[in-house]
Number of protein chains: 2
Amino acid sequence: MAGRAAVPEVIWSRPERTGRGPRPAYSRADIAAAAVKIADAEGLDAVSMRRVAGELGCGTMSLYNYVPRKEDLYELMMDAVSGEHELWEPSGDWRADMIRVAHQTRELMHRHTWLPRLMSPVYGFSPNALRYLEHCLACLDPFEGPYGTKMELVAMVNGVVTTCVGNEIATAERTRSLPWSEEQENAARIAYLGRQVASGAYPRLAASFAEDAGPIDLEGVFERALTRVLDGFA
Amino acid sequence: MAGRAAVPEVIWSRPERTGRGPRPAYSRADIAAAAVKIADAEGLDAVSMRRVAGELGCGTMSLYNYVPRKEDLYELMMDAVSGEHELWEPSGDWRADMIRVAHQTRELMHRHTWLPRLMSPVYGFSPNALRYLEHCLACLDPFEGPYGTKMELVAMVNGVVTTCVGNEIATAERTRSLPWSEEQENAARIAYLGRQVASGAYPRLAASFAEDAGPIDLEGVFERALTRVLDGFA
DNA sequence: GCGCACTACGTACGCTGTACGTAACTAGGA
DNA sequence: TCCTAGTTACGTACAGCGTACGTAGTGCGC
């Protein structure tokens, strides 16, 4: 009964195909693609084992042959989107390369808005994540310093991107046309906030809101945040 | 039927007590405390409506009189821990004050390890969160620049803290004694990682792991990250 | 060709959030 | 003072979740 492992394993240490028994009908890539498609279209909460199985066209429990636990499905999804990173020959200018990496990650997160929510140090060791990390380190070859510092730099850049995109997505959803219920909720939230600020209990917050009514330059915020972090390492 | 609002509201815009009907048996503070207690002891996933109601000693559905949706329970939790922030008279040195704020937030997150997972721009407008934000802005009074930049600074500091503590908690859980199953899972994960790195496909990653086998100085990583971000604004 | 390891999948269990109905209670208006 | 509307309290019920388990059917390695 190797199929139902008593000992928890990492999905990547299991071979995708063992050679015995019928050919698996789906590949891990198929499954990841189905899950990602659902998450992109309907949000991460819509990704259930039943739903993914339905998308693939197989029974719910058949999915458990490929994916022992739901957490492993997330792992597959994270790996799949990690694979969307375009890798290039490092230019020799680590700063420029890291900026390019950061922009690419940002675009990735905008394409898959569920990504920031799933971002966690746990998922950092899938094959495509390792390739991505190796690429970052290659870009940092010209960077003078120990690998420990390079790792910190990569982590910080990823952190900044995650934080910024998290904010960007939140404000985007606040602006976008929403189902009535969510629309109303946002309205209620903003109305409440306005009332609080107007109450005079938070003078600086009030001043901050009064300061500039122009649209927020999210692109600029991201660029500045990134620059500042890289400056900190230079 | 105001009790069952058809229009979604922010919980903070509802008065805790209306005056009509029987006295509520519990305060929002009671409920938040119960939920936080459970989350601290057994993790965020253990926080269910039934469980919190049980902790309070009331029926499950009674809880819905106080908390219309589970999301509002999270909002209560976030507000409660925001209230744990100790506020002080700004020193006049915004850098020192922000470092102090960051350290306090970090300690808060270590006390409540579920906090990074719940951290989201959505929960930034509860009463205690507003007090905290106002306090940060007060600390930044000596900072020369528009409020927009101050807000960015606060967001960046919070982002850094969240990112770092997320890593800290992950490595802590990797070290801590765990239930056998999770222990085995970590072992499997590390074994797999070791095999991959040893395969030679990721030379820089291998070099990074070989570089220093000493224990990671998480405190130092946090300190450096914070310093770099603040440097970026100075 | 035999047997075993694998795929496929239906059923079932315990858990979740929560809609809804009902009974008890209490403060405000007549 | 009593009436009644708005509240609290909570049991029942439902749809959905992750997944343990049992049972067929299939095809590779010996």
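Letters A, B, ... mirror the listed sequences (proteins, then strands); counts begin at 1. Computed from a predicted model, the values in this text were never measured in an experiment.
Classified by interplanar angle (parallel below 30°, tilted 30° to 60°, perpendicular above 60°), the ring pair B:H85/B:Y132 is parallel.
With salt bridges taken as basic N to acidic carboxylate O contacts below 4.0 Å, none links B:R69 and B:E75.
Checked against salt bridge (charged side-chain N to carboxylate O under 4.0 Å, His left out), A:R28 has no partners two or more places apart in sequence or in another chain. When the side chain to side chain contact (heavy atoms under 4.5 Å, CB included) test is applied to B:S27, the partners found at least two apart in sequence or on another chain are B:E16, B:A29, B:D30. Applying the salt bridge (charged side-chain N to carboxylate O under 4.0 Å, His left out) criterion to A:E107, with sequence neighbours excluded, gives no partner residue. Qualifying salt bridge (charged side-chain N to carboxylate O under 4.0 Å, His left out) partners for A:E134, counting only residues two or more places apart in sequence or in other chains: B:R204.
What separates CD of A:E16 from C1' of C:dC6 is a distance of 15 Å, to the nearest Å. Between the C1' atom of D:dT19 and the CG atom of A:N65 lies a distance of 13 Å, rounded to the nearest Å. Following rounding to the nearest Å, A:Y64 (OH) and D:dG22 (P) show an atom-to-atom distance of 17 Å. Protein atom CZ of A:R69 is 15 Å distant from nucleotide atom C1' of D:dA20, rounded to whole Å. Rounded to whole Å, atom P of D:dG6 lies 15 Å from atom CZ of B:R14. With rounding to whole Å, A:L56 atom CG is found 15 Å from C:dT7 atom P. A:E71 places its CD atom 16 Å from the C1' atom of D:dC17, with the value rounded to the nearest Å.
For A:Y66, a side-chain nitrogen or oxygen approaches OP1 or OP2 of C:dA8 to under 4.0 Å. Contact check, A:Y26 against C:dA8: no side-chain N or O comes under 4.0 Å of OP1 or OP2. A close approach under 4.0 Å does not occur between any side-chain nitrogen or oxygen of B:S62 and OP1 or OP2 of D:dT8.
The shortest heavy-atom contact between A:R195 and B:S13 is NH1-CB, 4.0 Å.
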Between A:K37 and A:E55, is a side-chain contact (heavy atoms from CB on, under 4.5 Å) present by the stated rule, with each step listed? CA-CA 9 Å; A:K37 183 181 166 191; A:E55 189 76 25; 2.9 Å; yes

Would you check, one step at a time, whether the test side-chain contact (heavy atoms from CB on, under 4.5 Å) holds for B:R111 with B:V81? CA-CA 10 Å; B:R111 259 203 309 279; B:V81 298; over 6 Å; no

Using a cutoff of under 3.5 Å, can you pull out all pairs of nitrogen or oxygen atoms linking the protein to nucleotides 26-29 of chain C, with atom names and distances?
unit_1 : atom_1 : unit_2 : atom_2 : d
C:dA27 : O4'    : B:G19  : O      : 3.4

Could you run down the sub-3.5 Å N/O contacts of the protein with nucleotides 11-16 of chain C?
unit_1 : atom_1 : unit_2 : atom_2 : d
C:dT16 : OP1    : B:S48  : OG     : 3.1

